[in-house]
Amino acid sequence: MWRRGAAAVVEPWMCCSGGGVWMSYRPSVASGAAWLMWILVEVILCVVNVVEGNRSDVSQGRNPDRHKRKHSWRRGSLGEVTCSCVRVRFAEMSLKGRFLKPGDDSNYAEDRSDVEPTSGTSFIFNPNRNLSLQAQRQRLPVFSLRSHILYLLENYQTVVVVGETGSGKSTQIPQYLQEAGWGQDGMICITEPRRVACTTLAERVAEECDVILGREIKYVTEGLLVREMMADPLLRQYSVIMVDEVHERTLFTDILLGLLKKVQRKRKDLRLIVSSATVDADQLFRFFNHNATKDKTKDTAAVVSVEGRNFPVDVFYLQEAAADYVRSSVDTVLKIHTKEGPGGVLVFLTGVEEVDKCVSALREESSRLGEKGGKMQVWPLHGSLHNSDQLQAFLSPPQGVRKVVVATNLAETSITLPGIVFVVDSGFVKLRWFNGQSDALVVVPASQASANQRAGRAGRTRSGQVYRLYKEEDFATLSQATPPEMVRTNLSSAVLNLMALGIDNMLRFDFPSPPPASHLIAALDELFALGAIGEDGQLTRPLGQNMAELPLPPQLAKMLLVSGEHECSEEILSIVAMLQVQNVFIDPRGGQRHIARARQRNFQVKEGDTLTLLNVYKSYLRSGQSSKWCGRYFINFRALRRAVEIRGRMERLLMQCGVEMKSCGGNVESIRRCITAGLFPSAAFLHHSGCYHSVRTSLPLHIHPSSTLYTLPQPQWVIYHEVLHTTQAFMRDLTVIEPSWLLELAPHYYEKTQLGDT
DNA sequence: GAGCACTGC
């Protein structure tokens, strides 16, 4: 184990304030390549397309004025412009939130339109669980549409199925297809975004019918099907492909939809079912309808809606938008608590800070109310909470006590809480947003789909109520759905995958939602720098090809693939696995905090966070992968367990790529060199202004307070894994490096210049 | 002195 050591020695010649040797990014290398010029021409074409085409579903759908938010543009000292989102909480409006029952007061409008079966308020409820399997199947809402769906599939290449959770579409439609004989000339394939959904659905279907799963019906993840396309681009073994949960719009959903549309042109016999929960049916229909004429009989796609199973949810809006939605949600909860009948309350806010604020305000009010106001238990719920603390939100409160859970988005999709009857929706969500260079965390208005999803959390056992902290008119101005990942994330992985599939011209690819051209350029630029793309604009062999094989961000894939040469593949594997999981260190609230910090300090090393993570991983293995050990050191056991799993998978893939498994036996420098070889585009140096500057963009950067290096004397040169813009641009997962390594390991990317040259 | 949430090849 490496221990936290003394400060790094600062060599005077590296100090930028003293002049001397300097390092600069060589933009000429990337932009000078002929293919990049050609791509720029394509970009112009693409931009024209975008302007002419229909992109309203992306970011334009949001009305920035609605929540009186403004963007402030900050100018970096060297001319770079960064965007940070400043939240202004309805500054001009100071009316307090006040809710009444429908009919009590005309100030409050009730809206039941979004509890109609075709929209998003729903929860899974199985009233027929005592019936036989066959009887249960026939009672599912989708059963009445069985022959209609089969008819449409005979006549149209694509059928868009819009239905709620609980309608049974994911388990029943594949069986209808199989019963109708679609499984005879080829397999029926259903894709899901998550692995766990694949296994549970497959098990359920196997239980219900007598087919051999994997022979006639097959559930796969979207990513796996994309991978299958690398071997068989036309997917000849399938007769029908059903893409489920399309509304989630993951990167792979969009890649898959684009690719399947391509396949359809070549394979007229291939049938496609696209199933989605929200109202984006029309967009999907237009995307898959190859009919260019106005003659509806020539349509190649059709839409069918399936009812869900919903308990009614009453929706209330504020007469005036809340000035401070945290305060307003506290008031709303108190109003519910004193005026309404029993039932749990779930509050949706955007972040940990807001959750904590709301929880303490509610606890204060609750104790002020005392016994006469009725008892209230208030629990926070967010991802960085300790496991046992998260559990509190799930437990039933004692008789006569009302449970109030204040949560982040965590409770919207990934977790279902029992006993919730009332939902308080702030109307905002914090999202990760790629700005062309780095990711930012921005607070944005939640979409209509998201609002409906939140509303659906009210009342699993009976009808519920949702209180939205904005005006009814404002609901219509919200975007229909959260923007797909494709338009708001770093695209380097997606581009690499598409290139491995033979899509050479990314800008001409038929994306369901075209990403910004600048994001594509940034991705191509990064891949070129990493050597995954050659001068000819093609994927390089074997490096680029192998990078596409690894399910990792390209920089980490590169780092792994060169780790054999640096004789530290064992260590780099562990580091990469640890970088893939979040919240390794638990940060408890209250008195335990300093104990946790002190124990976690055992793992810290002066070389940075990556090596600290390696330390944690090795120590965890030495503990026998013990959860007790994790508890003692305030290490997230689940995260470590996942890291072990990821590492195993990566190791197998890496060996397939022909990389030798070697350990450097504690030679930290070779590990740091290897990290530099992968992450070199993300280098920063300590500027005389006191903060760091990115070598590539001169963007001012700061060490994230969670970093090992935050409390140590600042090293001159660092490499980071990612930058996250919140209050400032923070570098995370740092490694201390020598600048000479940049020249040595990435001579095509960096050149030595004298101060003043840049 | 700061941490939205996931997932996957």
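Quick caveat: nothing in here was measured; it's all calculated off a predicted structure.
Atom-to-atom, CG of A:Leu709 to C1' of B:dA2 comes out at 16 Å; the value is rounded to the nearest Å. For A:Glu222 and B:dC6, the CD to P distance is 18 Å, given to the nearest whole Å. B:dC6 atom C1' lies 11 Å from atom CZ of A:Arg432, rounded to whole Å. Atom CZ in A:Arg593 sits about 14 Å away from atom P in B:dG1, given to the nearest Å. What separates CG of A:Leu712 from C1' of B:dG1 is a distance of 15 Å, to the nearest Å. Between A:Arg454 atom CZ and B:dC4 atom C1' the separation is 10 Å, expressed in whole Å. For A:Met230 and B:dC9, the CE to P distance is 12 Å, given to the nearest whole Å. Rounded to a whole Å, the CG atom of A:Leu724 is 12 Å from the P atom of B:dA5.
In this structure, A:Arg732 reaches neither bases nor backbone, as no heavy-atom distance under 4.0 Å exists between it and the strands shown. Counting any heavy atom pair closer than 4.0 Å across all strands shown, A:Ser706 reaches no nucleic acid atom. Using a 4.0 Å heavy-atom distance criterion, A:Leu251 is classed as making no nucleic acid contact. No engagement by A:Val226 is indicated, since no non-hydrogen atom pair under 4.0 Å with the nucleic acid exists. Nucleic acid contact for A:Thr221: sugar-phosphate only, since backbone atoms but no base atoms lie under 4.0 Å from a heavy atom of the residue.
Residues satisfying the side-chain contact (heavy atoms from CB on, under 4.5 Å) criterion with A:Arg432, sequence neighbours excluded, are A:Asp439, A:Leu441, A:Glu722, A:Leu724, A:Arg732. Residues passing the salt bridge (Lys or Arg N to Asp or Glu O under 4.0 Å) test with A:Glu526: none are found, sequence neighbours excluded.
For B:dT7, neither phosphate oxygen OP1 nor OP2 lies less than 4.0 angstrom from any side-chain nitrogen or oxygen of A:Arg195. Between A:Thr726 and B:dG3 there is a side-chain N or O to OP1 or OP2 distance below 4.0 Å. Phosphate proximity of B:dG3 to A:His704: present, with a side-chain N or O under 4.0 Å from OP1 or OP2. Between A:Thr350 and B:dC4 there is no side-chain N or O to OP1 or OP2 distance below 4.0 Å.
If you check B:dG8, B:dC9, B:dC4 against the side chain of A:Pro551, the one that comes closest is B:dC9. The A:Gln582 side chain lies nearest to B:dC6 when the options are B:dA2, B:dC6, B:dC9. Side chain of A:Tyr710, nearest nucleotide from B:dG3, B:dG1, B:dC9: B:dG1. For A:Arg597, the side-chain atoms get nearest to B:dG1 when compared with the rest of B:dA5, B:dG1, B:dT7. When the nucleotides B:dC9, B:dA2, B:dG8 are ranked by their closest atom to the side chain of A:Gln580, B:dG8 comes out on top. Considering only the side chain of A:Pro705, B:dA2 comes nearest among B:dA2, B:dA5, B:dC9.
Checked against a 6.0 Å centroid threshold, the rings of A:Phe730 and A:Tyr720 do not count as neighbours.
The closest side-chain donor-acceptor pair between A:Ser682 and A:His721, if any, does not fall under 3.5 angstrom. A donor and an acceptor atom, one from each side chain of A:Ser447 and A:Ser479, are nowhere located under 3.5 Å apart. When only modelled atom types and interatomic distance are considered, A:Ser426 and A:Ser329 share no side-chain donor-acceptor pair under 3.5 Å.
Two residues, A:Arg488 and A:Pro193, neighbour DNA chain B, and the one matched to the more 5' nucleotide by heavy-atom proximity is A:Arg488. For the pair A:Arg649 and A:Asp587, both in contact range of DNA chain B, the more 5′-proximal nearest nucleotide belongs to A:Asp587.
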